[in-house]
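This is a predicted model, so every value here is computed, not measured. Keep in mind that the numbers below use all heavy atoms, side chains included, and drop hydrogens, waters and symmetry copies.
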Amino acid sequence: MGLDITWAVDWVRRSADVIAEHRVELIRLDRDIGDGDHGENLDRGFTAVVPKLDDLAAGSTPGDVLKLVAMTLISTVGGAAGPLYGTAYLKAAAAAGSESSLDGEAVARILAAARDGIVARGKAESGDKTMIDAWTPAVDAAAAAAASGADATAVLAAAADAAEAGAVATEPLVARKGRASYLGERSVGHRDPGAQSTALLLRAAADAASESTGA
Amino acid sequence: MGLDITWAVDWVRRSADVIAEHRVELIRLDRDIGDGDHGENLDRGFTAVVPKLDDLAAGSTPGDVLKLVAMTLISTVGGAAGPLYGTAYLKAAAAAGSESSLDGEAVARILAAARDGIVARGKAESGDKTMIDAWTPAVDAAAAAAASGADATAVLAAAADAAEAGAVATEPLVARKGRASYLGERSVGHRDPGAQSTALLLRAAADAASESTGA
Amino acid sequence: MKKIINDPKRVVEESVAGFGRAHADLVRVELEPVHVVRADAPIAGKVGLVSGGGSGHEPLHAGYVGFGMLDAAVPGAVFTSPTPDPILAATKAVDGGAGVLHIVKNYTGDVLNFETAAELAAMDGITVRAVVTDDDVAVKDSLYTAGRRGVAGTVLVEKIAGAAAERGDSLDEVADIAERVNANARSMGLALTACVVPHAGEPSFDIGDDEIEIGIGIHGEPGRERVGLEPADRLVDRLLEPILSDLPYGEGDRVLLFVNGMGGTPQVELYLAYRRADEVLRERGITVERSLVGNYITALEMQGMSITLLKLDDEMIELWDAPVQTAALRWGR
Amino acid sequence: MKKIINDPKRVVEESVAGFGRAHADLVRVELEPVHVVRADAPIAGKVGLVSGGGSGHEPLHAGYVGFGMLDAAVPGAVFTSPTPDPILAATKAVDGGAGVLHIVKNYTGDVLNFETAAELAAMDGITVRAVVTDDDVAVKDSLYTAGRRGVAGTVLVEKIAGAAAERGDSLDEVADIAERVNANARSMGLALTACVVPHAGEPSFDIGDDEIEIGIGIHGEPGRERVGLEPADRLVDRLLEPILSDLPYGEGDRVLLFVNGMGGTPQVELYLAYRRADEVLRERGITVERSLVGNYITALEMQGMSITLLKLDDEMIELWDAPVQTAALRWGR
Ligand SMILES: Nc1ncnc2c1ncn2[C@@H]1O[C@H](COP(=O)(O)OP(=O)(O)O)[C@@H](O)[C@H]1O
Ligand SMILES: Nc1ncnc2c1ncn2[C@@H]1O[C@H](COP(=O)(O)OP(=O)(O)O)[C@@H](O)[C@H]1O
Ligand SMILES: [Mg+2]
Ligand SMILES: [Mg+2]
Ligand SMILES: [Mg+2]
Ligand SMILES: [Mg+2]
């Protein structure tokens, strides 16, 4: 059973909730190796998205929701995360096209498009201690799950698990992109805030899916 | 036995020592109800006087020493205490005249002249919570001692005792002159730093006297 | 105590020396005794303006030495008014034959040391007049205090009197306008933190993380009252109320609104406070004709601010707008 | 957290509004989306200069909007680069037909958001060029970092490029001189304390009473290295050494020496540091032709400073000296 507009809307609402809930944690992570605004920035962005969901036209697709998120994040978040997440959602929306229901394959494709968008804008490679280090394992896990015939919900669950592991795995890394790179060796031992928020957002996607499909 | 130049020079050296020793205490008292510089100011002044003592011409009198102290304090202390103590020593020097030995009567007269100089410049009255509240009891005690025939050493001892009591007695007062007056009622419960330094200086005078007269 | 200093006893000397090097086009710095003189002083026929006081209030006063403002500044030790010698030296250095005005903030020490210097200058044949600034409404001006403190209004007095001297006014005229500015200016300040005087090495007062001192001066003195944390708008109101009712300022008045930082408060907060002050004045029908926002008279790194209102007349506006060229205030040239 | 603010989420908006009221003669403030535009913009035929970035660095950038410097500033949330919309709005507001220069400090967020705005502006037919400043020698410029940060050198770029635009240079000419200034500027900073971002409510890093962070940026980021308390002269040397050896600067060079306060350090310390820096440069045969000392690019109330050297040529000196009339930098008019 595919994921539809209800899932997409629920994902956004859950995203807003989870980011608000983890706002201080993300601020603290960013404070340690950055400038302490990541939680505030994302919270401002997702708080701005939620009321706009009501304006979605009847017959909107998941792609429309993703595009709405993209445009809102781009115009409210700022910082590095605003354009990077904005691009991610924009590319995801393009990959989703006008399909009204997304199966496991589609979800894997969408996640890959999102990740590729971030790489295109931010030029980070795996191991640079950025959100990419959560996204790439997630994309890989999603692709593997989809290839083995998993449904959309299972694909997202695999992606969320991998993103969480990826976020944890940023801790020993030396940052080479973003603000944390200014710290050099001193960035070691801290989790990347963008990787952590990626894990939170993908977990919200998985939760929304398992709810919507009753799994 | 009268007090001579040796006593005067010794008083100055002891003053410098005692002020250096109580520098931090005077800073703290001033911090509580003023701007925290009284100990630093007097320390700068007396530290500047000491080397000048070596330049005193042969045959100098106690009055010459008092004048040297006056001019040095005026040109190095600044703040309120600089001109006030400067005037005090200047008027004391004038009262000492060219006498080479000071008896009890002379000492009492000199202290009164010093106090009157401070009042003339600073316009403080008794009970205003200033150095006057140490000086006036000291002057009164000195006059009483001298009237009862005490020698210079005993007159200074009486003055020092009274100044110390006077300094303690400033604690419950509401300040009406100097920086502490800005605090109004909040000045209650703190000892006036200028009254405290007065007590220290007069005790140094008494100690120098009892040393010089072998009492 | 963490400060960018070497020997705490040489802070003023080394800093003034640096100031002299950075602004060699504007000033000449003398170190024995310490005073800062306008590069082209003395100016024949012009009234000389000298101000001074304890250091730690920068840019006051050295930052205001130059065309259209002060002819000399005399920085004492930190928070300690200078002794008469450097005041005398500065007075001599700027006397162009038209007399010298001493602008003195009302503190016992400043008043006494400037008095002595003026007497000595008179003995050297220099005519000196003194204007004592006392704009701080936090202090009751009564027999029971040393009188109001001179605070931020002093900057306005120096600018406007400086412009009057520059246009050729006589000593009495310059002194009169300085008095007029002082009489029409009122200030009040607050602090969020204390400051650390280098030689003292510890904060000038203890204050909790949720406390604000209202009615502070510029020497790290505690204020009259302590309150809890409050929104900026309420704090601004607390400063404005006693100012507005004191002169008083009312409907139809034209004012200069001056929001001054105590040294450690970021500009973002000063402008935020300015917004509220401007709003309150508008509501009362008072016109803000001129403004000044920034760190113009400080208490080292203290966090806090003061608000000053100056009731303007046409002449004051003209003199305020006149060219000034100093390290800290500059326009028109 | 003690600050003179109301709602932490409205700090920038309220402060910028206050800025607009205090400087209504110089700027126009728009709040939706937030940007600050020179009062007489757009100026037909003049290249428009737009800069922006996170707030908390005041007076950068709004304080530099006016004659001879920026045409518009775009303040983001505190320490967060603005989104493309206000950058686009500012770009449109200042386009006088000769194109618009974006002056962007090198941070991932600033670069990406300005890039997007520039693409959108191009779609509206506006020619945009961007110059990215990256003068901070504390960060190694290599494949293994996001590149050097843009810090205090940005102020010098804005002044000199602004003067070039004001005299009528073309977009390419203005961009070229901006690049030249950036290429000849090097900076390095240190902090004694952290700062508190209003929405975070706690210090940006923990630092002991006897520790100093060397190589900090302007966003409350920790630095590269932590040292114990040291005399000012030694601290100045710590900042100057990597600067001097980087470009490198050497005998016979003429420089602008810029000692910048991070917001919470009193002027007395900045000038004291200036004295040492000036001394070191003289010893090396480097001529200090121009100077700038004060809080020009800050990190809220952080205590600390940065030193910037700019190697000057005759044209840069001429453009530096050219009249400028902004809230924070003003001379010649
Ligand atoms: N070049 C990049 N590529 C991918 N992700 C990046 C890049 N630069 C920064 N990031 C991500 O952005 C996060 C920081 O976002 P945020 O704090 O909102 O922005 P800023 O650094 O501008 O304050 C980092 O934790 C990192 O995951
Ligand atoms: N008008 C006055 N008359 C007498 N003594 C005064 C007067 N004003 C201040 N003082 C004395 O001066 C002391 C403060 O001296 P000091 O701290 O050196 O100067 P300042 O107040 O200028 O910092 C006070 O404690 C008080 O005893
Ligand atoms: Mg961040
Ligand atoms: Mg004192
Ligand atoms: Mg003092
Ligand atoms: Mg940021």
Exercise. Any chance the side chains of D:Ser51 and D:Glu158 put a donor and an acceptor closer than 3.5 Å?
Worked result: yes
Exercise. Counting distance only, does the side-chain N/O of D:Lys159 pair as donor-acceptor with the main-chain N or O of D:Ala322 below 3.5 Å?
Worked result: yes
For this session: Report, as yes or no, whether the 6.0 Å neighbourhood of atom CD on D:Glu283 holds more than 12 heavy atoms from other residues, nucleotides or ligands.
Result: yes
For this session: Count the heavy atoms belonging to other residues, nucleotides or ligands that lie under 6.0 Å from CZ of C:Arg234, then report whether that count exceeds 12.
Result: yes
Exercise. Relative to chain C, which segment of D:Pro323 carries a heavy atom at a distance below 4.5 Å: side chain, backbone, both, or neither?
Worked result: neither
For this session: Locate the shortest heavy-atom distance separating D:Leu256 from D:Leu312; write the atom from each residue and the value.
Result: N-CD1, 3.5 Å
Exercise. Is any side-chain N of the basic residue among D:Glu279 and D:Arg282 closer than 4.0 Å to the acidic one's carboxylate O?
Worked result: no
Exercise. Does C:Glu230 pair with C:Arg238 as a salt bridge, N-O distance under 4.0 Å?
Worked result: yes
Problem set entry | Partner chain D: residue of C:Glu14, C:Arg10, C:Glu13, C:Glu58 with the largest heavy-atom pair count (under 4.5 Å) | C:Glu14
Seminar exercise, completed: The interface call for C:Gln303 against chain D, heavy-atom contacts under 4.5 Å, is side chain
Exercise. For the candidates D:His57, D:Arg290, D:Met305, D:Arg276, which exhibits the highest count of non-hydrogen atom pairs separated by less than 4.5 Å from chain C?
Worked result: D:Met305
Exercise. Highest number of heavy-atom pairs under 4.5 Å with chain D: which of C:Asp7, C:Asp209, C:Val236, C:Thr298?
Worked result: C:Asp209
Exercise. Which of the residues C:Val293, C:Leu235, C:Val11, C:Thr265 is involved in the greatest number of heavy-atom pairs with chain D at under 4.5 angstrom?
Worked result: C:Val11
Problem set entry | Heavy-atom pair count under 4.5 Å with chain C, highest-scoring of D:Glu211, D:Arg333, D:Lys2 | D:Lys2
Exercise. Would you find a donor on one side and an acceptor on the other, under 3.5 Å apart, between the side chain of C:Ser55 and the backbone of C:Val78?
Worked result: no
For this session: Answer yes or no: is there a donor N or O on one side and an acceptor on the other, between the side chain of C:His61 and the main chain of C:Val74, under 3.5 Å?
Result: no
Exercise. Do C:His23 and D:Tyr274 have their ring centres less than 6.0 Å from each other?
Worked result: no
Exercise. What residue, out of C:Ser291, C:Pro231, C:Ala232, has the most heavy-atom pairs lying under 4.5 Å from chain D?
Worked result: C:Ala232
Exercise. Checking heavy atoms, do the side chain of D:Met1, its backbone, both or neither come under 4.5 Å from chain C?
Worked result: backbone
Problem set entry | Interface moiety of D:Arg21 toward chain C, non-hydrogen atoms closer than 4.5 Å | both
For this session: Name the region of C:Pro75, side chain, backbone, both or neither, that has any atom closer than 4.5 Å to a heavy atom of chain D.
Result: neither
For this session: Hey, can you tell me if C:Tyr271 and D:Phe19 have their rings parallel, tilted or perpendicular (30° and 60° cut-offs)?
Result: perpendicular
For this session: Pick whichever of D:Asp233, D:Leu229, D:Val16, D:Leu270 has the most heavy-atom pairs under 4.5 Å with chain C.
Result: D:Asp233
Seminar exercise, completed: Heaviest contributor of heavy-atom pairs below 4.5 Å to chain C, chosen from D:Leu292, D:Leu272, D:Val12, is D:Leu272
Seminar exercise, completed: Applying a strict 4.5 Å limit to non-hydrogen atoms, the region of D:Asn295 in contact with chain C is side chain
For this session: Among C:Pro59, C:Gly263, C:Ala273, single out the residue with the greatest number of heavy-atom pairs under 4.5 Å to chain D.
Result: C:Pro59
Exercise. Relative to chain C, which segment of D:Val268 carries a heavy atom at a distance below 4.5 Å: side chain, backbone, both, or neither?
Worked result: both
Exercise. Side chain, backbone, both or neither: which part of D:Ile5 has an atom under 4.5 Å from a heavy atom of chain C?
Worked result: both
Seminar exercise, completed: Assert top hit (heavy-atom pairs under 4.5 Å, partner chain D, pool C:Gly264, C:Gly56, C:Ala22, C:Gly332) equals C:Ala22
